[in-house]
Amino acid sequence: MYVADSRSSKAPVAPAETRPGRREAADGPGPGDGPRSGTGRRTVARAAVPGTVVALGVVSLVTDVSSEMVSAVLPLYLLTGLGLSPLGFGLLDGIQNGFSAVVRLLGGHLADRRGRDGAPRHKAVAAVGYGLSALCKPLLLLAHTVPLIGAVIAVDRTGKGLRTAPRDAMISLATEPAHRGRAFGVHRAMDTAGALLGPLTAFLVLRLAGGPMLADGGQQQGYHAVFAVSGCVAVLGVLVLLLFVPNRLAGADASSDGSDGAVPSSDSRPRLRDGLALLRVPGLRRLTVCAVLLGLTTVSDSFLYLLVQRRLGLSVEYFPLLPLGTAGAFLLLAVPLGALADRIGRRRLFLAGHGVLLLAYGLLLSPLDGPAAVVCVLLLHGSFYAATDGVLAAAAADTVPAERRGAGLALVGTGQALARFACSLAFGALWSAVGGTTALTWSALAMAGCVTGAAFVLRGPGDAPDTAPGGPAPTTDDSEVPS
């Protein structure tokens, strides 16, 4: 466990070779320093991922264990334990997937507002978000009707929406600009580890509690045990955030952190509309537009897994394991692809990730089938997330000034999330009208067109390879920042 303090959370902007004691980390060992080469590489790795990022990764890991414990059993609990209709479950699922995207803008805005000490409220807003989610887990023990369960899920998604942008802002502010891709990769890998451990933990709790999966609508003590343990785990995540993440990040107080030449505003209490005004920043506007367009052609995970099961002849009994395949690939590739994004350019890797997803679509549409094809599709699917999820946040951080970081990241994330939600609705309607294979074909063609268009839109100074470790921050022409 890293104990993060303000010294380990700085996002310096000066070249590393001008800072005493960091020459080896920036330049590597000099002539005759062969035996110390490994030490130099380890020093660079530690500098690339500050303790604050690791602490936030632990918070996300623990919180995801809690959330995925509930997600793994909630559908069956609602449909068989409480007798909820498919229509009611569809309504709750829509709340769960769409509510946090809208609240994310508010979370980013509130996080950028400075407190009496002059520091942004990233940690405070994130703590409220994590706290709300922790509170909702035991409330599921008391909710037994659709309105009450819907209210609990809405509050839980409110917590997720509030915490996402402040958390990503803290990661970007705690990390040197040249290492943001790696830092986000480490965080996303830890987050995904929690997503893998959550369902396994829920399974063990059910076994220990003696409660079956309630396919016959029997006793509910097993599910109640899952909700109770999930609540305790979520509280642990909040405690890690409060104890190990600093209140102030040096990057949040700096006049500039190398983010596209951004010039900070003197207004310490930004208004909500100021977040939308960030779209006047050319780099952020181009990135947001491309994220939305590509999101509109990204088939949701649920539909992709259904296509895998039907097109590739996978047995129904193995269907619940498909998300674990994607998560496993994501976990293994998040860090190396994040580091690759720092070297070749984050926008380039973001586009390449969608090219990988196109390969997965092509494999699904091909005549290939069997276990090997299933493994290849899941590997490509996980690679897509590893190349786009944290990389998009790192690329957006490059275009937003420090004092608007939360709002800027929320703007890009909200646009992408709403676009994917719209794609889910459209793809479902298209599947009902023309069939899954034809719907996927049209989606693949649309994504190919969007990737080609996005490659032209994102061309320019912001698409150059990112700064080498220890080098000066890149300068671009995306410097217009609304005041």
Side-chain angles (χ1 to χ4, degrees), residues 71 75-76 79 85-87 89-91 93-94 96-98 101 195 290-330 333 350-389 415-455:
S71 298
L76 201 58
L79 293 174
S85 67
L87 177 60
F89 177 74
L91 176 62
D93 189 59
Q96 186 172 1
N97 291 305
C290 290
V292 169
L293 288 177
L294 292 170
L296 287 172
T297 58
T298 302
V299 178
S300 73
D301 295 354
S302 299
F303 283 125
L304 184 135
Y305 296 143
L306 286 172
L307 288 167
V308 167
Q309 190 271 321
R310 297 186 181 189
R311 289 282 301 163
L312 302 183
L314 182 69
S315 174
V316 176
E317 63 180 314
Y318 295 114
F319 182 82
L321 299 179
L322 293 179
L324 298 181
T326 295
F330 189 179
L333 296 174
F350 178 70
L351 292 177
H354 286 83
V356 169
L357 185 61
L358 273 175
L359 292 178
Y361 291 171
L363 191 56
L364 279 173
L365 294 171
S366 72
L368 299 177
D369 58 9
V374 173
V375 172
C376 288
V377 170
L378 295 180
L379 179 61
L380 292 171
H381 195 222
S383 302
F384 157 70
Y385 277 117
T388 58
D389 188 20
Q416 184 189 55
L418 292 178
R420 288 181 175 178
F421 181 66
C423 178
S424 296
L425 298 178
F427 190 86
L430 198 58
W431 186 328
S432 300
V434 298
T437 301
T438 303
L440 182 63
T441 302
W442 291 5
S443 296
L445 292 175
M447 175 170 283
C450 288
V451 169
T452 303

Q. Is a side-chain N or O of Y361 found less than 3.5 angstrom from the main chain of L445, in a donor-acceptor match?
A.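 It does not hold such a pair.
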Q: Using modelled atom types only, decide if a donor and an acceptor are shared between the side chain of R420 and the backbone of G295 within a distance under 3.5 Å.
A: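 Side chain of R420 to backbone of G295: no pair is present.
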Compare every heavy atom of [Y] with every heavy atom of [X], then report the nearest pair and how far apart it is.
| X | Y | value |
| --- | --- | --- |
| A454 | L294 | CB-CD1, 4.5 Å |
| T388 | G353 | CG2-CA, 4.0 Å |
| L378 | G325 | CD1-CA, 4.1 Å |
| V377 | L363 | CG2-CD2, 3.5 Å |
| A439 | V434 | N-CG2, 4.1 Å |
| A444 | L358 | O-CD2, 3.4 Å |

How far does [atom1] of [X] sit from [atom2] of [Y], to the nearest 0.5 angstrom?
| X | Y | atom1 | atom2 | answer |
| --- | --- | --- | --- | --- |
| S383 | L357 | OG | CG | 10.5 Å |
| F427 | W442 | CZ | CH2 | 11.5 Å |
| L368 | R311 | CG | CZ | 10.0 Å |

(Q) Is there a side-chain contact between D369 and V374 in this structure, where contact means two heavy atoms from C-beta onward sitting under 4.5 Å apart? (A)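 Of all side-chain heavy-atom pairs linking V374 with D369, none is under 4.5 Å.
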Q: Evaluate the side-chain proximity of T441 to L365: yes if any heavy-atom separation is below 4.5 Å, no if none is.
A: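 Yes, close enough: below the 4.5 Å cut-off.
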Q) Would T437 and L307 satisfy side-chain contact (heavy atoms from CB on, under 4.5 Å), going step by step from the backbone distance to the final call? A) CA-CA 8 Å; T437 301; L307 288 167; 5.5 Å; no
Q) According to the side-chain hydrogen bond (donor to acceptor under 3.5 Å, both in side chains) rule, which pairs have a member within residues 293-308, sequence neighbours left out? A)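 Qualifying pairs, neighbours excluded: D301-H381, D301-Y385, Y305-T326.
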Q) Going by the side-chain hydrogen bond (donor to acceptor under 3.5 Å, both in side chains) test, which pairs reach into residues 422-434, not counting sequence neighbours? A)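 Sorted pair list comes back empty.
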Q: Could you check V292 against Q416 for side-chain contact (heavy atoms from CB on, under 4.5 Å), going step by step and ending with a plain yes or no?
A: CA-CA 5 Å; V292 169; Q416 184 189 55; 5.8 Å; no
